[in-house]
Amino acid sequence: MLPKLFQELLKEWHLQLERALPWVNENDPYKIWISEIILQQTRVLQGLPYYTKFLETFPDVFVLAKSSESEVLKCWEGLGYYSRARNLHWSAKYIVNELNGVFPERYEEIIKLKGVGPYASAAIASFAFSLPCAVLDGNVHRVISRIFSVTADITTSKGRKIIQDIADKLLDKENPACFNQAIMDFGATVCLPASPLCDQCVFADHCTSYLTDTQRDFPFKKVKKPLRNRYFHLFLVKAGKYIFLSHRKEKDIWRGLYTLPFIETRDERWEFPLEGIQIGGISIEENQIQILNYTDQQILTHQRIHLFFHQVTLARMEEKLAGDNLEIVPLTNLNDFAFPKFLRQFIVNNTALFEYK
DNA sequence: AATTCGGGGGG
DNA sequence: CCCCCAGAATT
């Protein structure tokens, strides 16, 4: 299919169905940037409220650069992939300190921002600066691999290059922003992953996989490996109106967020060590621990976290800390901390936590 | 090239 | 259940 025809059919379709979203027809690179990062691996409906809240909290790159990482993470709480928030904050400081607060205006410069890869750089370049850069997201991979029956594995660099070459040729260089918006809207509303709406597709007559009834074979991806199981025992250590929180700094899930201190075990069984456990320099004896009748599971992309909750009530809160990222926090201040979603829900559900509020 | 980062929605 | 979502960084 010739690029000109593809562009015309796409444009014709887009006239009827353009998704009305706050970042569409926006050309402030800062706002485009925020929206693209929020929408990485995130559905529009999930990201929408965060987009609004983020721009209210950090209206421009200077405010974002002056804020603390904790404030940015707090705004990101519950959205997931928290490195996006840390990278946004890092890049804002980079723009203010190294680029005099001026947002970079070329693809090769935009992609130097942390957290901005090939997709986001092309999106910002086209939406904010009308540069002829074709975006490649999950939608575009699906649309192109189906119409042209691309059999290569799109999770490999070879497969992505094949799609990129096709997308570069298809791109309407007179109006890259509209083209990119349209092809993503099309993938999101017509060329659907499981059951594409081929009977109302403007490309049906030209779609090689539709013509051979092989739409569902594309895009090709190799099978993914099973989840890794992990077992966390979390301790709600209360003393009067204080509890312990752990600030996660290791290279693992939820870096930068706060959790209840926890111990990871090999399987669901938990054998209390003879020497007892240490939390914040305090030795916890087994008979101080109450098993809360509450467990949960948290499914991540590559892990299944089995969560077990325990409660420890201390007569008084020790002042000295072991220093392993533990903080003593008044129960009334819990809203100031960014937690993984499941923990915020646990805290909200555990009304006893708020008896001092 | 493979792995690891969350959380949610829909079939 | 399983898949995938306006992907990118790290190993």
Side-chain angles (χ1 to χ4, degrees), chain A residues 19 21-24 26 32-51 73 76-88 90-91 110-127 133-143 153-161 163 167 177 179-189 191-196 216 218-219 221-228 230 248 250-257 259 296-305 338-345:
Chain A
R19 293 191 289 179
L21 301 168
W23 45 83
V24 172
E26 175 63 60
I32 303 285
W33 174 42
I34 302 303
S35 74
E36 295 305 339
I37 301 301
I38 286 178
L39 292 173
Q40 284 170 4
Q41 295 294 285
T42 303
R43 290 173 186 280
V44 167
L45 280 179
Q46 188 188 359
L48 206 42
Y50 284 87
Y51 176 76
L73 282 170
W76 210 266
E77 182 185 55
L79 190 55
Y81 283 154
Y82 298 96
S83 65
R84 294 183 292 175
R86 298 195 310 270
N87 288 336
L88 268 180
W90 186 95
S91 296
I110 300 170
I111 203 172
K112 288 179 182 169
L113 302 177
K114 265 193 194 175
V116 172
Y119 163 76
S121 188
I124 297 169
S126 65
F127 293 141
C133 303
V135 294
L136 233 63
D137 73 333
N139 293 305
V140 179
H141 279 116
R142 195 168 54 251
V143 171
D153 184 345
I154 60 151
T155 65
T156 67
S157 55
K158 180 184 169 188
R160 283 196 302 272
K161 178 172 168 32
I163 305 281
F179 179 92
N180 281 338
Q181 187 61 52
I183 194 170
M184 288 193 286
D185 282 347
F186 179 78
T189 60
C191 199
L192 302 170
S195 38
R216 282 166 194 76
F218 301 98
K221 300 177 183 178
K222 58 174 173 296
V223 293
K224 61 171 193 177
K225 53 182 242 180
L227 300 181
R228 172 166 71 116
R230 298 178 74 179
R248 292 182 60 73
E250 56 270 63
K251 284 192 168 182
D252 196 359
I253 54 176
W254 305 317
R255 174 147 60 122
L257 275 63
T259 63
D296 197 2
Q297 282 192 11
Q298 200 58 18
I299 311 293
L300 284 57
T301 305
H302 294 82
Q303 308 180 21
R304 181 194 304 273
I305 314 286
F339 296 102
K341 184 96 174 203
F342 79 90
L343 250 186
R344 172 65 66 191
Q345 284 170 351

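We name chains A, B, ... by the order of the sequence lines, and we start the count at 1 in each one.
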Residue pair L227(A) / I299(A): nearest heavy atoms and the distance that separates them: CD1-CG2, 3.9 Å
Sugar-phosphate only, base, or nothing, as touched by T155(A) at under 4.0 Å among non-hydrogen atoms: nothing
Base dG6(B) paired with T42(A) side chain (donor-acceptor, <3.5 Å): yes
Aromatic ring proximity W23(A)/Y51(A), centre distance under 6.0 Å: yes
Sugar-phosphate, base or nothing in reach of I37(A), heavy atoms under 4.0 Å: nothing
Residue whose closest nucleotide on DNA chain C lies nearer the 5' end, K114(A) versus L21(A): L21(A)
Residue met sooner reading DNA chain B from 5', once K225(A) and Q41(A) are mapped to nucleotides: K225(A)
Touch class at under 4.0 angstrom, heavy-atom based, for T301(A) against every strand present: base
Atom-to-atom span, CD1 of I111(A) to P of dG7(C) - whole angstrom: 15 Å
Sugar-phosphate only, base, or nothing, as touched by G47(A) at under 4.0 Å among non-hydrogen atoms: nothing
Touch class at under 4.0 angstrom, heavy-atom based, for K222(A) against every strand present: sugar-phosphate
Parallel, tilted or perpendicular: rings of W254(A) and F342(A) (30°, 60°): tilted
H302(A) vs A194(A), nearer the 5' end of DNA chain C by closest nucleotide: A194(A)
Touch class at under 4.0 angstrom, heavy-atom based, for Q181(A) against every strand present: base
Short side-chain to backbone donor-acceptor contact, S91(A) and L88(A), under 3.5 Å: no
Any Y81(A) side-chain nitrogen or oxygen under 4.0 Å from OP1 or OP2 of dA9(C): no
Sugar-phosphate only, base, or nothing, as touched by V116(A) at under 4.0 Å among non-hydrogen atoms: sugar-phosphate
Phosphate contact (dT10(C) OP1 or OP2) by K251(A) side-chain N/O below 4.0 Å: no
Sugar-phosphate only, base, or nothing, as touched by F342(A) at under 4.0 Å among non-hydrogen atoms: nothing
Sugar-phosphate, base or nothing in reach of W23(A), heavy atoms under 4.0 Å: base
Nearest-nucleotide 5' precedence on DNA chain B, S157(A) against L300(A): S157(A)
Sugar-phosphate, base or nothing in reach of D252(A), heavy atoms under 4.0 Å: sugar-phosphate
dC5(C) phosphate, OP1 or OP2, under 4.0 Å from Q46(A) side-chain N/O: no
Ion pair D153(A)/R160(A), N-O distance below 4.0 Å: no
Proximal nucleotide (of dG6(B), dC4(C), dA6(C)) relative to the P193(A) side chain: dC4(C)
Donor-acceptor pair present, Y119(A) side chain and dG7(C) base, under 3.5 Å: no
Span that lies between the C1' atom of dA8(C) and that of dG9(B), in whole angstrom: 23 Å
Under-3.5 Å donor-acceptor pair between R43(A) side chain and dC4(C) base: yes
d(CD1, I110(A); P, dA6(C)) in whole Å: 21 Å
Closest to side chain of N139(A), choosing from dA8(C), dA6(C), dC5(B): dA6(C)
Nucleotide forming a Watson-Crick or wobble pair with dG7(B), both distances under 3.5 Å: dC5(C)
Sugar-phosphate only, base, or nothing, as touched by R86(A) at under 4.0 Å among non-hydrogen atoms: nothing
Whole-Å gap separating C1' (dG7(B)) and OH (Y82(A)): 8 Å
Backbone of R255(A) reached by a side-chain donor or acceptor of R86(A) within 3.5 Å: yes
d(CD1, I305(A); P, dC5(B)) in whole Å: 8 Å
Spacing between L192(A) atom CG and dG9(B) atom C1', to the nearest angstrom: 13 Å
Short side-chain N/O contact from W76(A) to OP1 or OP2 of dC5(B), under 4.0 Å: no
Ring-ring centroid check W33(A) F127(A), cutoff 6.0 Å: no
